[in-house]
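These notes are about the structure you will find just below.
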Protein chains: 2
Amino acid sequence: MNVFLVSAHPEPKSFNSAMARQIVDVMTEAGHEVVVSDLYAMNFNPVASAADFTARSNPDYLVYALEQRNGVKAGTIAPDIARELDKLDSCDLLILNFPVFWFSTPAILKGWIDRVLVSGRSYGGMRFYERGGFAGKRAAVSISLGGRPHMFGDEGIHGQLTDMLRHLLRGTLYYVGFDVVPPFTAWHVPYVSDEDRQTILKEHREWLARIDTLEPMRFPRMDEFDERLYPKT
Amino acid sequence: MNVFLVSAHPEPKSFNSAMARQIVDVMTEAGHEVVVSDLYAMNFNPVASAADFTARSNPDYLVYALEQRNGVKAGTIAPDIARELDKLDSCDLLILNFPVFWFSTPAILKGWIDRVLVSGRSYGGMRFYERGGFAGKRAAVSISLGGRPHMFGDEGIHGQLTDMLRHLLRGTLYYVGFDVVPPFTAWHVPYVSDEDRQTILKEHREWLARIDTLEPMRFPRMDEFDERLYPKT
């Protein structure tokens with residue numbers, strides 16, 4: 001497999017960064033090719049703007065998605081975006097590794113999503129979910145957070161973590177066609193012992209070993225809706 | 001009321017930017033004080049990093065939330081963050097106005113959340129939800145998107161929009177104590193007629209007129225859980 005790891009942590013010595021390194025090590029040892037975008041190390045620009053296009057189809061009025069569509073076709077999309085798109089095109093498995101900030105990605109990774117998952121290539125008006133641009137590829141998120149498992153789940157104070165992450169798992173990764181496997185979650189990371197951290201890293205290795213056979217999460221399919229996106233009866 | 005508007009759109013001539021201007025106009029005419037952070041115009045830095053602290057409690061290992069806590073107390077938090085915090089402290093009503101990017105905020109606004117909703121002031125270990133740092137204040141989101149209403153809701157292909165936005169409405173705004181009123185949503189914006197846009201702006205004005213009396217969204221409360229955050233029986 002070609003594996004594309006996108007990681008985002010401001011502290012290279014963090015536990016989350018150790019998870020990122022472990023992804024590289026485990027997947028490389030398993031014989032896969034691994035390409036890494038370490039967004040903090042790259043000083044990645046997360047702000048979608050007019051500067052993302054070397055030429056504009058409408059220089060007077062920015063419709064970002066429209067310029068993305070034209071920019072990819074015309075080769076006028078910013079080089080840093082084009083490079084990330086090439087990595088995406090080449091991968092079989094995308095892994096996002098990040099610390100959960102506000103039940104979502106750090107802004108630097110949100111900006112990677114905003115800028116790199118371009119309209120036209122990633123999705124189009126009637127091409128999303130199982131018809132998304134990256135259909136046939138697999139995606140996974142590998143995350144750390146401060147909370148504990150009992151704070152999540154149907155009886156937990158925050159409900160299911162996957163419901164909090166729905167905008168990412170379903171609204172982003174599945175939206176553009178990926179088969180999304182259940183996340184790996186390192187719980188309570190700032191507070192656990194070194195021994196517990198070793199246990200988490202071991203579980204993380206085991207998850208990585210199974211990642212290409214894990215059953216993807218189930219979401220609604222476009223096939224269940226008609227051409228105007230009303231439910232088929 | 002003191003109103004704090006945080007807006008984020010890369011095109012000042014956009015419909016979403018017109019919504020932002022309307023918020024200022026309507027709330028000012030109603031006799032409220034309005035303070036604005038237009039994140040694109042400010043060139044706001046969305047990337048949480050070690051540079052957010054002029055002095056560090058631990059210069060060798062960045063634990064971002066911990067440095068936030070210390071930085072706010074010691075006055076060593078970056079000036080751009082301190083200014084936004086002052087605006088938050090002074091407001092009675094926070095309005096986030098933005099185009100929905102990937103069922104969430106544009107990265108520049110996500111970074112405002114990451115950097116400005118500092119640990120210690122906004123929340124603490126056992127101080128979130130109705131005990132959050134901004135309890136007693138009200139928050140609202142004012143958004144535009146390309147989708148149509150029938151694509152959302154229990155039978156819609158994407159489910160309820162508020163479920164997609166749960167990380168923001170519940171996991172962020174309610175988490176730090178705000179009473180969160182139901183969002184204003186401008187649907188299908190890139191595709192509608194000028195007449196429809198005028199109708200949307202009229203509905204937006206009506207929503208703004210009611211914003212301080214709207215019933216807040218209901219979420220679980222810390223009071224329903226014990227001191228270890230297990231459900232009270």
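All heavy atoms count here, side chains included; hydrogens, waters and symmetry mates do not. By convention in this document, chain letters (A, B, ...) are assigned in the order of the sequence lines, proteins followed by strands, and residues within each chain are numbered from 1.
Residue A:Y174: no heavy atom, backbone or side chain, is found under 4.5 Å from chain B. When heavy atoms are compared at a cutoff of 4.5 Å, A:P220 approaches chain B solely by way of its side chain, counted from C-beta outward. Neither the backbone nor the side chain of A:A50 has a heavy atom closer than 4.5 Å to any heavy atom of chain B. Residue contact with chain B, scored on non-hydrogen atoms closer than 4.5 Å, involves the backbone and the side chain of A:F101 alike. At a 4.5 Å heavy-atom cutoff, A:L66 makes no contact with chain B through either its backbone or its side chain.
The distance from the CE atom of B:M151 to the CZ atom of A:F128 is 5.0 Å, given to the nearest 0.5 Å.
In this structure, B:V63 and A:E11 have side chains that are not in contact, with every pair of non-hydrogen atoms separated by 4.5 Å or more. The shortest distance between side-chain heavy atoms of A:R170 and B:M164 falls below 4.5 Å. A heavy-atom distance below 4.5 Å is found between the side chains of A:W102 and B:V176. Taking 4.5 Å as the limit, every side-chain heavy atom of A:V47 sits out of range of all side-chain heavy atoms of B:F44.
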The test is side-chain hydrogen bond (donor to acceptor under 3.5 Å, both in side chains); show your working for A:Y64 and B:H9 and say whether it passes.
CA-CA 10 Å; A:Y64 192 75; B:H9 198 288; over 6 Å; no

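Taking a 6.0 Å sphere around CZ of B:R148, one finds it holds 12 or fewer heavy atoms contributed by other residues, nucleotides or ligands.
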